[in-house]
Amino acid sequence: MFGSTVLEVAVGLTFCYATVALIVSTVQEALASALKLRARGLLEGIKSMLNDPNFNALARTLYAHALVNPHSNPALPEQEHIGTKPSYIKPEHFAIALIDAIQSIPGNYDQLGRDIDALTDPQIKRALQGIYQRAEGDMARFQASVEGWFDTAMERVSGLYKRRSMMVSVLLSLLLAALFNIDSIHLFRTLWAHPSLAAQLGAAPATMNPQALQMLWTLPIGWEQFPPALNREFALSVAGWALTASTALFGAPFWFDLMKRTVQVRGTGPKP
């Protein structure tokens, strides 16, 4: 009996957290797409990398290159022809576009060195001069080094984007928990007293659909009285919301995997 109760509570909690994580990730992905957050983060990273905060020098020239931004239209005025900014740039495309933006004579490695020396930005000039000297006259090696430089810079951009995404996930989870009163403490207490509430739950949904939401509402969540009284129980609910929101830090894949394992354990039943 005790083991059965523990399993049902585990199934109920993991199903709830997996579904909440799926809702949050769906909303977050929609927001990122609507607000073009990836494209903006990439642009900010390249502006920082090329020391062009005003986007009026080397970074802008690079974004006008067809390999980097196929939506650009050089026939339009300079302030308009960039068009839709990309969300992803291949390292080799970045390297080719940067070389094309710098060199005045395509394919001339010696002239490329002189063009680098003529750059006005001292920080970018020193970085490219070092890459140029280490390439020792090999254009392919120079291009590969620029690709490596880009990859390193994008790792920092990716890390910053992930940290921001994690904070957004927690905030969205907290908002969702407060709106629908998904209180982990109350959920645990109720499932422990009535484990049969989780008996009908199966595996966590792979996609957001009405069936998943219907199964979620079979759990003891939601408001019985609104607005709630500001007392000790409300303070405990706030702590439960915070606990629910903190589960977003693990991400939806973690809860899907845990839910799958928990349901499998429950499905085996007692040994004969």
Side-chain angles (χ1 to χ4, degrees), residues 1-32 34-35 37 162-266:
M1 177 65 182
F2 177 78
S4 175
T5 301
V6 170
L7 281 176
E8 295 302 342
V9 171
V11 168
L13 289 175
T14 52
F15 179 86
C16 179
Y17 296 152
T19 308
V20 168
L22 182 59
I23 295 173
V24 169
S25 63
T26 302
V27 172
Q28 187 172 357
E29 186 63 29
L31 289 175
L35 300 177
L37 298 182
K162 288 179 180 178
R163 288 192 294 272
R164 289 177 176 175
S165 297
M166 189 175 295
M167 291 301 300
V168 171
S169 294
V170 172
L171 292 176
L172 286 175
S173 298
L174 184 59
L175 178 62
L176 185 67
L179 284 176
F180 298 102
N181 193 24
I182 306 177
D183 179 353
S184 289
I185 298 175
H186 173 70
L187 182 62
F188 174 81
R189 287 176 170 178
T190 307
L191 288 177
W192 187 262
H194 307 283
S196 59
L197 292 173
Q200 74 276 19
L201 296 177
T207 58
M208 202 65 257
N209 53 51
Q211 182 182 2
L213 294 176
Q214 185 177 359
M215 292 174 66
L216 179 64
W217 284 112
T218 61
L219 293 173
I221 63 174
W223 291 100
E224 296 180 357
Q225 176 186 354
F226 191 86
L230 301 180
N231 51 23
R232 179 180 177 277
E233 289 298 322
F234 176 75
L236 202 59
S237 295
V238 173
W241 300 343
L243 184 58
T244 301
S246 68
T247 63
L249 294 173
F250 296 96
F254 170 83
W255 293 112
F256 289 151
D257 184 63
L258 184 59
M259 180 69 190
K260 181 180 178 181
R261 294 173 184 272
T262 306
V263 171
Q264 287 177 346
V265 171
R266 183 181 66 175

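Position 1 is the first residue of the sequence; numbering continues from there. Computed over heavy atoms, backbone and side chain alike; hydrogens, waters and symmetry mates excluded.
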**Asked** Can you tell if the side chain of D183 reaches within under 4.5 Å of the side chain of L187, non-hydrogen atoms only?
**Response** no

**Request:** Could you tell me whether a side-chain N or O of Q28 sits under 3.5 Å from a main-chain N or O of S165, the two making a donor and an acceptor?
**Result:** yes

**Asked** What is the distance from atom OG of S169 to atom NZ of K162, rounded to the nearest 0.5 Å?
**Response** 13.0 Å

**Prompt:** Taking side chain as C-beta onward, heavy atoms only, is L22 less than 4.5 Å from F256?
**Reply:** yes

**Prompt:** With no hydrogens and no angle check, is any side-chain donor or acceptor of W241 less than 3.5 Å from a backbone partner on L179?
**Reply:** no

**Fill in**
For G12 and L191, the nearest pair of non-hydrogen atoms, with its separation, is CA-CD1, 3.8 Å

**Prompt:** Can you tell me how far CG of L243 sits from CG of L174, rounded to the nearest 0.5 angstrom?
**Reply:** 11.5 Å

**Interatomic distance, L258 atom CG to Y17 atom OH [nearest 0.5 angstrom]** = 11.0 Å

**Request:** Would you name the heavy atoms of A21 and W255 that are closest together and state the gap between them?
**Result:** CB-CD1, 4.4 Å

**Request:** Please report the closest heavy-atom contact between I182 and L176, naming both atoms and the distance.
**Result:** CD1-O, 4.2 Å

**Request:** Give the intermediate values and the outcome of side-chain contact (heavy atoms from CB on, under 4.5 Å) for residues L172 and V27.
**Result:** CA-CA 8 Å; L172 286 175; V27 172; 4.2 Å; yes

**Request:** Kindly compute the distance separating NE2 (H186) from CD (E233), expressed to the nearest 0.5 Å.
**Result:** 10.0 Å

**Message:** Minimum heavy-atom separation for A239 and I185, please, with both atom names.
**Reply:** CB-CD1, 4.1 Å

**Message:** With a 4.5 Å cut-off on side-chain heavy atoms, are S173 and T247 touching?
**Reply:** no

